[in-house]
Amino acid sequence: METRTNVLFLFLLIITILLNTTKKIQARQHKNPSSSSSSFFVLALTKSSVSLPTPISQPQERIKKPLESSLDVVVMEPLREVIDGYLITLNIGTPPQAVQVYMDTGSDLTWVPCGNLSFDCIDCYGLKNNNLKSSSIFSPLHSSSSFRASCASSFCVEVHSSDNPFDPCAIAGCSVSMLLKSTCLRPCPSFAYTYGEGGLVSGILTRDILKARTREVPRFSFGCVASTYREPIGIAGFGRGILSLPSQLGFVEKGFSHCFLPFKFVNNPNISSPLILGASALSVNLTDSLQFTPMLNTPMYPNSYYIGLESVTIGTNITPTQVPLTLRQFDSQGNGGMLIDSGTTYTHLPVPFYSQLLTVLQSIITYPRATETESRTGFDLCYKVPCPNNNLISLENDVKMVFPSITFNFLNNATLLLHQGNSFYAMSAPSDDSVVKCLLFQNMEDGDYGPAGIFGSFQQQNVKVVYDLEKERIGFQAMDCVLEATSHGLNQGS
């Protein structure tokens with residue numbers, strides 16, 4: 001009778017666990033200016049047919065803390081700019097396979113499109129399987145060092161968002177005896193990982209060799225994903241969790257920095273944005289010129305980077321526009337704060353503050369509105385600006401043809417004056433001696449849950465951003481990122 005009771009208990013436990021799906025709510029949005037939002041719905045995903053060797057890791061694996069001396073090693077990686085983000089190249093496997101993925105500070109998991117014949121990408125902005133370059137897909141069967149992660153791995157527990165380390169092995173079918181003795185070596189069960197705006201990936205947790213420029217991770221954990229919804233390209237998670245790329249490289253106790261090139265360098269093969277991981281990103285000579293604001297910690301998303309926004313200054317206004325408290329503190333459930341996220345293209349602000357910001361700008365700007373462009377792109381404030389001789393470069397250098405400046409005032413008196421190209425941007429080439437420029441901010445939908453606002457990658461262009469994880473602060477310094485790229489040897493056209 002006791003044996004039957006135990007079996008029944010285990011059966012009910014497994015059924016209960018299977019009803020729970022891994023869920024990572026991240027404010028990740030890659031929206032092009034001409035795209036329109038659509039309703040959220042979930043589609044059934046094709047199960048991965050990729051076959052990998054069974055785990056060779058030992059049960060109850062623990063993450064090894066990197067040696068202090070190893071933290072002095074510097075990794076500098078180039079970031080290639082595309083229309084909706086910045087790509088980093090990962091060299092995975094034996095022999096190495098180069099896979100380009102988005103750099104995303106708003107999530108932890110690193111995953112790559114994975115398959116032997118095809119990669120199933122559903123509703124991915126018109127990007128079909130046959131349009132994906134073969135170099136964008138990782139094939140585990142062509143790597144002699146690939147194997148599936150164990151269900152007892154700490155990484156498996158993390159990817160399944162479980163507080164109970166026994167859950168993944170229970171789902172995998174391990175007996176209670178094996179759970180108690182930590183002797184189950186079954187593979188980590190398939191996972192589902194969701195992003196903001198409905199993005200969804202489904203895959204298996206895989207271990208393989210990752211080779212960076214100056215170091216190697218022999219058993220790097222990443223998602224081998226064969227089916228996605230609205231996620232056409234893999235992602236390198238740069239959050240603070242154990243699954244993130246900086247964490248597995250051993251830099252989570254130090255930090256990293258990046259300097260995003262302006263939008264005009266999209267798809268330019270001759271220049272890349274510098275990404276620096278390690279102590280060099282935090283050297284005294286560099287950080288003295290930065291303005292730092294503290295990271296805010298929330299129990300809801302402990303691995304994300306949150307900062308507090310106090311006010312926004314428009315133009316020469318002496319009195320800055322105050323922002324709601326939700327942009328600099330959390331409620332009792334952990335909602336609020338401003339998420340700094342390289343995986344979200346544009347900065348999002350909550351209503352009604354966003355509406356107030358638009359009202360202030362409209363009262364200052366005298367150019368005629370371009371309402372047709374507003375309807376087509378979804379941006380809320382577009383203007384038709386005179387452009388003599390259709391010379392956009394001359395217009396950008398004309399101090400008389402300017403929009404009001406926008407300054408973000410963060411906690412700890414850290415201020416960041418946005419470059420004008422980071423706020424109002426030309427939607428197309430000039431014609432008939434005029435050009436349409438739009439404010440590339442958006443309102444924060446569903447701002448009552450999760451972050452109250454997002455500081456997107458477009459507004460981080462021509463800004464050196466330093467993530468000081470040791471002191472839990474984020475620094476900003478406006479600069480010419482072309483010069484920064486050149487100083488690191490990443491500008492082949494100079």
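By convention here, the first residue in the shown sequence is residue 1.
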Should R473 and V466 be marked as a side-chain contact (heavy atoms from CB on, under 4.5 Å) after you check the CA-CA gap, both sets of side-chain angles, and the distance that decides it? CA-CA 8 Å; R473 59 181 186 167; V466 174; over 6 Å; no
Step by step, would you call Q461 with L261 a side-chain contact (heavy atoms from CB on, under 4.5 Å)? CA-CA 6 Å; Q461 295 175 359; L261 290 168; over 6 Å; no
Going through the distances and angles, do L109 and F155 end up as a side-chain contact (heavy atoms from CB on, under 4.5 Å)? CA-CA 10 Å; L109 176 68; F155 297 104; over 6 Å; no
Full working for side-chain contact (heavy atoms from CB on, under 4.5 Å) between Y467 and L282: CA-CA 8 Å; Y467 294 76; L282 308 171; over 6 Å; no
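Partner F458 forms a side chain to side chain contact (heavy atoms under 4.5 Å, CB included) with one of T344, T347, L440, L418 and no other, that one being L440. The only option from T94, T206, D208 that meets the side-chain hydrogen bond (donor to acceptor under 3.5 Å, both in side chains) definition with S143 turns out to be D208. If you run side chain to side chain contact (heavy atoms under 4.5 Å, CB included) between L87 and each of V82, V99, L79, only V82 comes through.
Using bins of under 30°, 30° to 60° and over 60° for the plane-to-plane angle, the ring pair H258/F260 lands in the parallel bin. The aromatic rings of F408 and F410 sit perpendicular to each other, their planes meeting at more than 60°, with 30° as the lower class boundary.
Inter-residue side-chain proximity for L339 and F455 is flagged as unmet; no heavy-atom pair is nearer than 4.5 Å. Two residues are said to be in side-chain contact when any heavy atoms from C-beta on lie closer than 4.5 Å; F256 and L275 meet this criterion. A heavy-atom distance below 4.5 Å is not found between the side chains of S244 and F238. Contact of the P324 side chain with the P350 side chain is registered, since non-hydrogen atoms from C-beta on lie closer than 4.5 Å. Within the 4.5 Å cutoff, the side chain of V463 has heavy atoms near those of the L416 side chain. Two residues are said to be in side-chain contact when any heavy atoms from C-beta on lie closer than 4.5 Å; C174 and F166 fail this criterion. Using a 4.5 Å heavy-atom cutoff, the side chains of N443 and L349 are not in contact. For the pair Q100 and I233, the minimum side-chain heavy-atom distance is 4.5 Å or more.
Heavy-atom minimum distance, S304 versus G106: OG-O, 4.4 Å. Shown here for N412 and T293, the closest heavy-atom pair between the two residues is CB-CA, 4.5 Å. Nearest heavy-atom pair, N462 versus P262, reported as atom, atom and distance to 0.1 Å: ND2-CG, 3.3 Å. Nearest heavy-atom pair, H160 versus S190, reported as atom, atom and distance to 0.1 Å: CE1-O, 3.2 Å. Taking each heavy atom of H142 and S139 in turn, the nearest pair found is ND1-OG, 2.7 Å. What you find for E484 and P274 is that their closest heavy atoms are CG-CG, 3.7 Å.
To the nearest 0.5 angstrom, L200 atom CG is 8.5 Å from I122 atom CD1. The distance from the OG atom of S257 to the CD1 atom of I276 is 4.5 Å, given to the nearest 0.5 Å. The CZ atom of R148 sits 9.0 Å away from atom CG of L205, with the distance rounded to the nearest 0.5 Å. I204 CD1 to C188 SG: the interatomic distance, rounded to the nearest 0.5 Å, is 9.5 Å. How far CG of D104 is from CD1 of I88: 12.0 Å, rounded to the nearest 0.5 Å. Between the OG atom of S153 and the CG atom of L185 there is a distance of 11.5 Å, given to the nearest 0.5 Å.
Residues forming a side chain to side chain donor-acceptor pair (under 3.5 Å) with D331 (at least two apart in sequence, or on another chain): N335. Applying the salt bridge (charged side-chain N to carboxylate O under 4.0 Å, His left out) rule to R240 yields the partners E472; only residues at least two apart in sequence or on another chain are considered. A search for side chain to side chain donor-acceptor pair (under 3.5 Å) contacts involving S273 returns nothing, not counting sequence neighbours. By the ring-ring contact (aromatic ring centres under 6.0 Å, His included) test, Y306 pairs with F330, sequence neighbours left out. E216 is linked by a salt bridge (charged side-chain N to carboxylate O under 4.0 Å, His left out) to nothing, counting only residues two or more places apart in sequence or in another chain. Scanning for side chain to side chain donor-acceptor pair (under 3.5 Å) contacts around E81 gives Y86, with sequence neighbours left out.
In this structure, H488 contributes its side chain and T486 its backbone to no donor-acceptor pair below 3.5 Å. E158 contributes no side-chain N or O that, together with a main-chain N or O of I242, makes up a donor-acceptor pair within less than 3.5 Å. Panel note: side chain S342, backbone T105; a donor-acceptor pair is recorded below 3.5 Å. Proximity of a side-chain donor or acceptor of Q492 to a complementary backbone N or O of I271 within less than 3.5 Å is not detected. A donor-acceptor contact shorter than 3.5 Å is absent between the side chain of Q477 and the backbone of Q291. Without hydrogens or angle criteria, Y354 side chain to F441 main chain gives a donor-acceptor distance under 3.5 Å. The backbone N or O of G241 sits less than 3.5 Å from a side-chain atom of D108, completing a donor-acceptor pair. R207 places a side-chain N or O within donor-acceptor distance of the main-chain N or O of R219, the cut-off being under 3.5 Å. Between the side chain of Y301 and the main chain of S107, no donor-acceptor pair closer than 3.5 Å is present. Although no hydrogens or angles enter the test, the distance criterion places no donor-acceptor pair under 3.5 Å between the side chain of T326 and the main chain of A452.
The SG atoms of C151 and C169 sit under 2.5 Å apart.
The aromatic ring centres of F138 and F222 sit less than 6.0 Å apart.
Judged by the 6.0 Å distance and 45° axis criteria, R215 is positioned over the aromatic ring of F251.
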